[in-house]
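Here the structure is a predicted model, which is why all the values come from computation and not from measurement. The sequence lines fix the lettering, A, B, ..., with proteins before strands; numbering per chain opens at 1.
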2 protein chains.
Amino acid sequence: MVLSAQDGKATIMDIARAAGVSKSTVSLVLNNSPLVKPLTAEKVKNAAEKLGYVYNRSAASLRQGTSNVVAMVVNDLTNSFFVELLIGAERKLLESGFITLLSHTGEDIKLQAQVLSSMREQKAAGLILCPALYTPPELAITLKKWGMPFVTVMRSLNDEESDFIGCDNYQGIKLATQHLVNLGHTDIAFIGRNRTNSVSVVRQDGYEDCLRENNIRIHSPWIIASKISMQDGKVAIRRLLALKKRPTAVVCYNDLIAIGVLNEIGEQGLTAGRDIAVVGSDGVAMAGFCNPPLTTVALHSHKVGELASQILLERVKNPDAPVVKQLLKPELIVRKSCGADIQSKSLSPDAS
Amino acid sequence: MVLSAQDGKATIMDIARAAGVSKSTVSLVLNNSPLVKPLTAEKVKNAAEKLGYVYNRSAASLRQGTSNVVAMVVNDLTNSFFVELLIGAERKLLESGFITLLSHTGEDIKLQAQVLSSMREQKAAGLILCPALYTPPELAITLKKWGMPFVTVMRSLNDEESDFIGCDNYQGIKLATQHLVNLGHTDIAFIGRNRTNSVSVVRQDGYEDCLRENNIRIHSPWIIASKISMQDGKVAIRRLLALKKRPTAVVCYNDLIAIGVLNEIGEQGLTAGRDIAVVGSDGVAMAGFCNPPLTTVALHSHKVGELASQILLERVKNPDAPVVKQLLKPELIVRKSCGADIQSKSLSPDAS
DNA sequence: CTGAAAGCGCTTACAG
DNA sequence: CTGAAAGCGCTTACAG
């Protein structure tokens, strides 16, 4: 194939001339319109190839008033749950011909507002938003006024009228807590209390309701406020271990915190699962490779990302379709940090 | 502020009319040109605000032939090193008025080629590329023919004429290996051999050269091929532990592999640092929270990302500036997985 | 199934 | 310091 000296500079007009058709026809061919006769389409495609033609999306976007980019604004990429979600979403978008404009807000709502404006200027076709903590709910109204289709993920904006894909945080934490109860624990702590984070509120509710349903009294010194990081998990369990009356098990808000917890337990010469049971939530890949491997609740990060993309693209196509609110079903993954293996061993006849 | 019914639909012409100036002047104001009298600029800005004006980047891109998006194509976001790098780069780009078009290739060169084409169509102003394994070196030529400024990160394309930001992998692994030698080890394994990954080749060289310089014979059964994942690290150490003649220490290609190694060691009831020493490379955040905490070589992921953005933006401004090739200096971070704490304890007078 | 024409909203010389 | 004019490369009714 001989590339023209103008490689990359050819326009639709050049193709039209080379192929002996009008530029309208070229445009139709480039967009795979069924209106064009196959033979003509072939001629056009060959000419485009020969000229080293590159489609100019800026021109198309200007003309159409929208683009083939989708904005993805994520609160915390240091939490691999969101990275896994991003990977799922990005792949799915790509398969549908969209490309991802990414921004990481790091839970900074000022920054979030700034990047959203920027993405509006880019004429993003839609937005997948994992809102930063403390995002004002009016953001939903703003986005609608902008006419930007969006779906919120994991955290909602408390807006009835917008699409949301999340996980059943309440059932998830209940599953985890009940598992500890089933293993015989009654002294169960919760790390990650934060009354201004709706997800934390729900997870704490799941923990407390589970205890109540099992007639276990809630012991408030065992409910520890914590930011969402490994380091803060570490600090929280340290406080718990320093208590005169220690819990025998701990439910963590998420895996990130649980990983910090496991680390500190190890540092203190203790063994999670034997000396104290630990469960997390989210089911990040890393959880399976902790020491000991972390019992957690899989929230299906990739699936959430894929679903969010899919729902968004449907919303883009059809703004008037019914609102989608979907909570994925959590799934308990039992590993060793909860001590389930030790217990079953001591119950088996061949236990030493 | 009263928003017009046309919120978001106003153009530069509407502003011009409202402010009583020409649209050229409006354009200059929007681009913060110093040519416009402050008073005029103020009038224009007020009018824009009042009309709910949104800058249309598609139009600007079409006219200018370039955009304010920067493409970032990353080989492996399941490795948090690259996530950290991405975070650093994205933040820096945002500060400079650029927004990030992201794609995750997952080491798939077909997919990589596809997304690069797509980013070309978007008229990305530049590209930060962490190339997929086995990327043909001709990619550098292609990108140049496209006229797309780019900088490769971590892995180079073996092209003298293009910018590259990486880490001194050779010195890094040497640092790690020498640390084990200093602790008294002579039976040191290497996990992560891959002769078709240039980074692995260099790291293995660092390991081997360090042994040689210390007059330690290289024992090839202790050099284990492995893919770059936690699971593959797990499998590799299992093979090593099954050997009749086991090594007493192991250098891992990177932290991802090391995390898998630590997990398997724990699963076998052994303790890293006491029963076998482990060191990683990269210095991901997670390394500090392993059990035991992982001794590793910090390669400064955020810094690499920031530097890559900075160099790219300079390249965009000045295509003829001298080529930049920069290797960041690695830094050993001693934690417990290498057993340094145990050794120093046994050397201290108050050891039990 | 194909062509001629208008226009998307900017920026950029150029003239004053 | 400001204005009039041209044009970036597409898509989309519309007419045939």
Query raised in the report: DNA chain C in dot-bracket, Watson-Crick or G-U pairs under 3.5 Å, [ ] crossing, | other strand?
Result: |||.||||||||.|||
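Rounding to the nearest 0.5 Å places CZ of B:R57 at 11.5 Å from NZ of A:K123. Rounded to the nearest 0.5 angstrom, B:S198 OG and B:N158 CG are separated by 6.5 Å.
At least one side-chain heavy atom of B:M72 sits under 4.5 Å from a side-chain heavy atom of B:L85.
Counting only N and O atoms by type, the side chains of A:Q122 and A:S67 include no donor and acceptor under 3.5 Å apart. Between the side chains of A:T25 and A:S22, at least one donor N or O lies within less than 3.5 Å of an accepting N or O.
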Listed pairs, N/O of protein and of nucleotides 6-8 of chain C, under 3.5 Å:
from, atom 1, to, atom 2, distance (Å)
C:dG7, N2, A:R63, NH1, 3.4

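B:I12 has its CD1 atom 17 Å from the P atom of D:dA5, to the nearest Å. Remark: P of C:dC10 and CD of A:E121 are 10 Å apart, rounded to the nearest angstrom. The NZ atom of B:K9 sits 12 Å away from the C1' atom of C:dG9 (whole-angstrom rounding). A:M13 places its CE atom 11 Å from the P atom of C:dG3, with the value rounded to the nearest Å.
Heavy-atom minimum distance, A:V316 versus A:A125: CG2-O, 3.5 Å.
When distances run from any side-chain atom of B:V21 to the nucleotides C:dA4, C:dC10, D:dG3, the shortest one goes to D:dG3.
Looking at residues 25-47 of chain B, you'll see B:S27, B:N31 sit with a heavy atom under 4.0 Å from some atom of DNA chain C.
Between A:R155 and A:E107 there is a salt bridge, since a side-chain N of the basic residue sits under 4.0 Å from a carboxylate O of the acidic one. Classification of B:K144 and B:D159 as a salt-bridged pair holds, one side-chain N sitting under 4.0 Å from a carboxylate O.
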Query raised in the report: Do B:N31 and B:S33 pass the side-chain hydrogen bond (donor to acceptor under 3.5 Å, both in side chains) test, and can you show the C-alpha distance, the side-chain angles, and the key distance before you say yes or no?
Result: CA-CA 5 Å; B:N31 289 288; B:S33 164; over 6 Å; no
Report task. Would you please test B:F150 and B:L157 for side-chain contact (heavy atoms from CB on, under 4.5 Å) and show each step? Result -> CA-CA 11 Å; B:F150 69 100; B:L157 291 176; 4.3 Å; yes
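Put simply, the residue from A:L101, A:L86, A:I99 that forms a side chain to side chain contact (heavy atoms under 4.5 Å, CB included) with B:L102 is A:L86.
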